[in-house]
K.L.:
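I have a structure I would like to understand better, so I am pasting it below and will then ask my questions one at a time.
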Protein chains: 2
Amino acid sequence: MTEFALDPQDSTPLYTQLYRDLRQRILDGTYPEGDAIPSETAMRDLHGITRSTVRHAVSLLVSEGLVRQIRGKGTLVTYTPINHSVWNFGGFTDFSKAQHQRPVTKVLTQSVEEGPRGPQLLLVRARGFANDDAPTYLNLDTSVLELSRFPGLERFDFERHSLYQVLREHYEVAPVRNELKLSVALSSELTRQVFGEQPGVPGFICASGEVYDSSDQLVEHTSVIYSPSLEMHVGTSWNGAVNESVPA
Amino acid sequence: MTEFALDPQDSTPLYTQLYRDLRQRILDGTYPEGDAIPSETAMRDLHGITRSTVRHAVSLLVSEGLVRQIRGKGTLVTYTPINHSVWNFGGFTDFSKAQHQRPVTKVLTQSVEEGPRGPQLLLVRARGFANDDAPTYLNLDTSVLELSRFPGLERFDFERHSLYQVLREHYEVAPVRNELKLSVALSSELTRQVFGEQPGVPGFICASGEVYDSSDQLVEHTSVIYSPSLEMHVGTSWNGAVNESVPA
DNA sequence: TAGTGGTCTAGACCACCAT
DNA sequence: TGGTGGTCTAGACCACTAT
C-alpha cells in the first residue's frame, strides 16, 4: 500500500517525517477532502511507533487546518483551500499544489541598493497561477534582504527558485517566525500592472513586517499585497480552552 | 506561593485547568513579558501530574503566541500585544486585559428582523477601550443570530454581558470554529460615527463570515470592521516542519 | 461490540544553556 | 554540572460513533 517508511536514523523527528508524508498525501489528493486519513492505531502499527508520536504529527495537520479530528469517527481531511496559511507566504508553492494549480513567479524588480547597513537586495515578485493564456497573479511580494548576510544572493534566478528555497539550500537559513502588520494599500501603478484594473475596489489588503530565523536573526523585510481575486479566508478553530471570553 | 490546585474530579481536562491558570497569570502580569514561567518539571512536581500533561497545557499557550519555549533556557512570556488572536473576536475581553485596558462595548443596533429562516437578532456593537474622556473604539462588530435557536436572546443587555458569555451561560452553546473572509470595507456613515474621520485611509480591514459550535451548528453570521488605529499584527511561528516551501 | 480519538501516567534519553 | 525543553516509548482508561 505504501512504500513510505520512517527513518529513525534521520535527525528529523519521527513526528515530522510522518507529518510531511501525511501532508504530502493530502495535498496531492491521495487522501481527498472529506475522507479519513488512516487511524492513529493503524499508523502506530504500520510504522512501529507510539500513538503519542502519531498524535504529535496529526496535531500539526490540525493546527494547519488540513484535517479535523472527530472522536469515534476518525481524522477527516477538511481542506479549506484559502486559509490563514496564506500569511505564511513562504508556502505559496504548497498553496498552489493544494489548489491543483501551477505556481508562477514573475520578478518585477531585482536590484541592489544602498541601505542603512550596507547593500541590500530589493526583490519584487508577482506570484500567481499559470493559465492557458496569461497567468493570474494573486499577490505582490516585496522583499528586502541584507547582502552582507547573504553575499551573492542578488545573482539567483527567483523566477525558477523560491527565495526561501535559496536561503535554505545556499545559506542554511530557515525562516521560523514572522511579525506582520496588516494594513490597507492604495491602488497604484504597480497594482494596476499586476492585478489589472479593479473597479470598485478601494484598496488592497497588505501584510508587511519582518521575518526571522531560529536564532532570531532578521532574515528579510517583507510586504505582501493580496489580490482582491484571492478570497482570503481566515479559519480559526479553538478548543474549549482557548479564547473563551470572560466577563469584563 | 500559589493557592491554585488542579482538580482531578473536575470534568475539565487537567491540561486545560493548568492552561487557564497560566494564561490568567500571564494576562494579569504575574508572569511579566520576558520572564520565564515555571519550568515543566517544577509544574509537574507542584501539581503532581506528568510532564506530558504540563507540555500539553504549555503548547496551547505557544500556539496562542503568549509564550516561547527555548531549550536550555525556559518558557518565556513573549506577549505580542496585538496578534492574530484579534480574529478571535470572542476574546476581546482577554485582549483588553492584556493591554491593561478596560473594555467598553456600545450597542448601536439591537433589533429583531425577519430573516429567511424566521426572526433574527441584528446586533451591532462598537468595541474599544475606556479612556478618561471618551472611549476609543477599535472595531465595529455586526452579528446576526437565529432567534428560533436562541429564543429570548433579544432581551439581554449586550453592553454589560458579552454575546458569547450569554450564549454559553444561558444557551449552553460555545463557539468552536469560524470561517472568516477578509476584505476591504469602504468608509461609511457608520465608520465615521464610530472611528471618526480617518483622512488618507482608503478603507478598513473587514473580516466577515460564520461561527459554528462543536456540533457544527451555525451560531452566528458576523462581520467585524477594524479601526486603522488598531495596529493589527499577525504573528506566525512555525516549526521546522510546518510551511516549508518546496521547489515548484 | 469493535474501533475511533481524548486524556493521562511513568518513565527514558537527548541537545542545549547557564554556571 | 545541573537544569531546561525536545523527543519517544509502552502502556492505561475513557467517551463517542458505527454496526
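So that the names make sense, note that chain A is the first sequence line, chain B the second, and so on, each numbered from 1. In this text the structure is predicted, and so the values were computed from the model without any measurement.
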K.L.:
Would you mind reading off the distance between A:Leu6 atom CG and D:dT7 atom P, rounded to a whole angstrom?
P.N.:
15 Å
K.L.:
Just how far, in rounded Å, is P of D:dG3 from CG of B:Asp45?
P.N.:
11 Å
K.L.:
Let's go through A:Arg55 and A:Gln69 carefully: what are the C-alpha distance in whole Å and the side-chain angles of both, what is the deciding distance for side-chain contact (heavy atoms from CB on, under 4.5 Å) to 0.1 Å, and is it a yes or a no?
P.N.:
CA-CA 10 Å; A:Arg55 281 181 68 77; A:Gln69 296 185 291; 4.3 Å; yes
K.L.:
Rounded to whole angstrom units, what separation is found between the CZ atom of B:Arg44 and the C1' atom of D:dG5?
P.N.:
12 Å
K.L.:
Show me the pairs that pass salt bridge (charged side-chain N to carboxylate O under 4.0 Å, His left out) and involve residues 147-156 of chain B, at least two apart or across chains.
P.N.:
B:Arg149-B:Asp213
K.L.:
Could you state the CZ-P distance from A:Arg55 to C:dT7, rounded to the nearest angstrom?
P.N.:
7 Å
K.L.:
Figure out the CE/P separation between B:Met43 and C:dT9, and round it to whole Å.
P.N.:
14 Å
K.L.:
Does B:Thr53 have a side-chain nitrogen or oxygen under 4.0 Å from the phosphate oxygens OP1 or OP2 of C:dT7?
P.N.:
no
K.L.:
Taking A:Tyr171 for its side chain and A:Pro151 for its backbone only, find out whether a donor-acceptor pair lies under 3.5 Å.
P.N.:
yes
K.L.:
Any side-chain N or O of B:Thr41 below 4.0 angstrom from OP1/OP2 of D:dG5?
P.N.:
no
K.L.:
Taking CD from A:Gln69 and P from D:dC16, how many angstroms apart are they, rounded to a whole number?
P.N.:
16 Å
K.L.:
What is the distance, to the nearest angstrom, from the CZ atom on A:Arg68 to the C1' atom on C:dT4?
P.N.:
16 Å
K.L.:
Is the shortest side-chain N/O distance from B:Tyr15 to OP1 or OP2 of C:dT7 below 4.0 Å?
P.N.:
yes
K.L.:
D:dG6 P sits how many Å from B:His56 NE2, rounded?
P.N.:
15 Å
K.L.:
Can you tell me if the side-chain N/O atoms of A:Thr75 get under 4.0 Å from OP1 or OP2 in C:dT4?
P.N.:
no
K.L.:
Of A:Pro13 and B:Ser39, whose closest DNA chain D nucleotide lies nearer the 5' terminus?
P.N.:
B:Ser39
K.L.:
Can you pull the salt bridge (charged side-chain N to carboxylate O under 4.0 Å, His left out) pairs that have at least one residue in residues 42-53 of chain A, sequence neighbours excluded?
P.N.:
A:Glu40-A:Arg51
K.L.:
Would you mind building the protein contact string for nucleotides 10-19 of chain C? One character per nucleotide, 5' to 3', B for base within reach (heavy atoms under 4.0 Å), S for sugar-phosphate only, - for untouched.
P.N.:
B-B--BBSS-
K.L.:
Hey, does the side chain of A:Glu210 reach the backbone of A:Leu218 with a donor-acceptor pair shorter than 3.5 angstrom?
P.N.:
no
K.L.:
Give a yes or no answer on whether the side chain of B:Thr50 reaches the backbone of B:Thr53 with a donor-acceptor pair at less than 3.5 Å.
P.N.:
no
K.L.:
Nearest 0.5 Å, please: how far is CG in B:Asp21 from NE2 in B:His47?
P.N.:
6.0 Å
